[in-house]
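What follows is one structure encoded as structure tokens, with my remarks underneath.
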Amino acid sequence: LPSLKSHIMKTLVYKLLLSLYMSKLISQNLVPNYSFEVRSSCPNGVGGISLHFATSWDGWDSADYFSSCSTDSQYSVPQNIAGYQQAFTDTSYAGILLYVPTTNPVSSEFIQVQLIDSLAKAHYYCVSFYVNLADSSNYAIQNFGAYFSENAITLAEIENGSFIPQIENFADSMLNDKVNWKEISGYYYANGGEKFLTIGNFYNNANTVSQYIGGASSFYNVAYYFIDDVSVVQCDSLFTSINNITALAENQIRLYPNPNAGNITLEYQLSESE
């Protein structure tokens with residue numbers, strides 16, 4: 001019986017993961033220009049996203065755009081002013097400064113995009129984006145998140161501490177990898193009408209968890225990150241699968257953490273007779 005129970009549980013988990021994978025395949029990504037490949041022109045001489053080099057995206061405080069189409073070594077891919085990194089998807093990505101260890105209350109840059117369609121009330125959305133710490137960074141941080149809003153939000157509002165991101169990096173996960181892309185993901189239960197997505201560090205310096213890692217010149221005593229492959233897809237089927245698993249199982253099941261970074265722990269209980 002224990003081996004049969006284990007087989008049943010594994011089968012249920014496989015169905016759950018397959019459901020998540022399929023939901024991403026068949027659902028529309030609501031983020032336009034999700035991998036920053038569509039551009040008005042190549043970033044030569046200056047790389048600000050606010051100049052609409054990356055169509056549909058906006059940014060504050062010199063949020064940058066990097067692309068292999070650039071003939072300017074500062075804003076090219078894979079080599080640029082911030083370091084060396086291949087794009088996670090295709091040949092372009094964004095770059096933002098998330099932390100400067102000074103007395104400034106807030107030292108983060110942000111990027112923002114208007115979604116293809118508003119989020120529907122009482123529906124689940126799976127959200128993900130990939131980040132990589134630039135070689136030029138002497139610091140790494142934990143605080144990296146995304147915020148949904150009905151209207152475009154401003155830097156001044158963020159600096160006033162008005163927003164808590166609904167999607168956040170794990171509290172125990174320092175984003176200090178300068179080689180590999182790291183996925184930040186989670187799910188969002190929509191209030192309805194949310195049309196904008198903003199990505200950055202929404203915490204002031206005092207509440208930002210940072211780590212000095214070195215490896216760059218003192219000029220780069222910052223935490224600077226590349227961003228690529230931003231996704232927002234409706235995924236109600238995932239949560240339907242979870243409910244079905246609960247209904248099918250004879251004993252209590254717990255899957256955690258949720259959200260997770262790819263590793264899921266499954267706990268279930270057996271009675272003494274089992």
Side-chain angles (χ1 to χ4, degrees), residues 30-34 36 39-40 43 46-66 75 81-82 93-119 125 127-129 131 133-134 136-169 171 175 184 186 188-210 219-228 230 232:
L30 295 179
V31 180
N33 197 14
Y34 68 94
F36 306 97
R39 64 190 74 87
S40 58
V46 61
I49 278 186
S50 60
L51 299 176
H52 301 291
F53 286 125
T55 305
S56 301
W57 288 91
D58 202 357
W60 305 301
D61 282 2
S62 302
D64 296 310
Y65 176 60
F66 302 94
Y75 300 105
I81 191 173
Y93 45 72
I96 57 177
L97 183 70
L98 292 190
Y99 175 71
V100 181
T102 66
T103 57
N104 295 331
V106 177
S107 54
S108 181
E109 297 173 345
F110 297 85
I111 55 174
Q112 186 177 90
V113 65
Q114 182 172 342
L115 302 176
I116 294 172
D117 197 5
S118 299
L119 303 188
Y125 291 85
V127 185
S128 65
F129 56 97
V131 304
L133 181 63
S136 61
S137 301
N138 273 327
Y139 281 86
I141 65 170
Q142 290 182 2
N143 309 81
F144 210 145
Y147 183 82
F148 289 98
S149 58
E150 291 187 24
N151 302 302
I153 61 178
T154 67
L155 181 61
E157 290 175 313
I158 295 174
E159 290 178 339
N160 288 333
S162 303
F163 307 108
I164 298 176
Q166 299 99 340
I167 307 298
E168 292 191 82
N169 179 50
L175 298 169
I184 296 176
Y188 176 63
Y189 188 68
N191 294 318
E194 297 92 329
K195 192 64 181 285
F196 289 85
L197 179 68
T198 306
I199 297 175
N201 173 16
F202 290 81
Y203 298 90
N204 59 29
N205 278 13
N207 292 314
T208 294
V209 180
S210 64
F219 179 74
Y220 293 104
N221 282 329
V222 301
Y224 187 93
Y225 288 84
F226 300 129
I227 306 171
D228 202 0
V230 184
V232 176

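These values consider heavy atoms only, across backbone and side chains, with no hydrogens, waters or symmetry-generated copies. Values in this document were obtained by computation on a predicted structure and should not be read as measured data.
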In chain order, what residues pass the side chain to side chain contact (heavy atoms under 4.5 Å, CB included) check against Ser149, with sequence neighbours excluded?
->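 With sequence neighbours excluded, Ser149 shows a side chain to side chain contact (heavy atoms under 4.5 Å, CB included) to Tyr147, Ile153, Phe196, given in chain and number order.
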With Asp117, which residues qualify under side chain to side chain contact (heavy atoms under 4.5 Å, CB included), at least two apart?
->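 Checked Asp117 against side chain to side chain contact (heavy atoms under 4.5 Å, CB included); matches are Leu30.
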Reference residue Ile49; test side-chain contact (heavy atoms from CB on, under 4.5 Å); the match among Ile96, Ile111, Val113 =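 One option only clears the test, and that one is Ile111.
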Could you grab the distance from atom [atom1] of [X] to atom [atom2] of [Y], nearest 0.5 Å is fine?
X: Trp57; Y: Tyr65; atom1: CH2; atom2: OH; value: 12.0 Å
X: Phe129; Y: Asp228; atom1: CZ; atom2: CG; value: 12.0 Å
X: Ile158; Y: Tyr203; atom1: CD1; atom2: OH; value: 12.5 Å
X: Gln114; Y: Leu197; atom1: CD; atom2: CG; value: 11.5 Å

What heavy-atom pair brings [X] and [Y] nearest, and what distance separates the two atoms?
X: Gly59; Y: Ser50; value: O-CB, 3.5 Å
X: Gly186; Y: Ile167; value: C-CD1, 3.9 Å
X: Phe53; Y: Val46; value: CE1-O, 3.2 Å
X: Pro32; Y: Leu115; value: CD-CA, 4.1 Å
X: Asn221; Y: Tyr139; value: C-CD1, 3.8 Å
X: Ala82; Y: Ala134; value: O-CB, 3.5 Å

Under the side chain to side chain donor-acceptor pair (under 3.5 Å) rule, collect the residues that match up with [X], sequence neighbours excluded.
X: Ser137; value: none
X: Glu157; value: Thr154
X: Tyr224; value: Asp64
X: Ser136; value: none

Gln142 backbone acceptor or donor facing Asn169 side chain under 3.5 Å =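 Such a contact is found between Asn169 side chain and Gln142 backbone.
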Go through the side-chain N and O atoms of Asn143 and Asn201 and say whether any donor and acceptor fall under 3.5 Å apart.
->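 Short answer, no.
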Between Phe36 and Phe66, does the ring centroid distance fall short of 6.0 Å?
->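 Phe36 vs Phe66: aromatic centres not under 6.0 Å.
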Are the aromatic rings of Tyr125 and Tyr188 close, with centres under 6.0 Å apart?
->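 No, too far apart.
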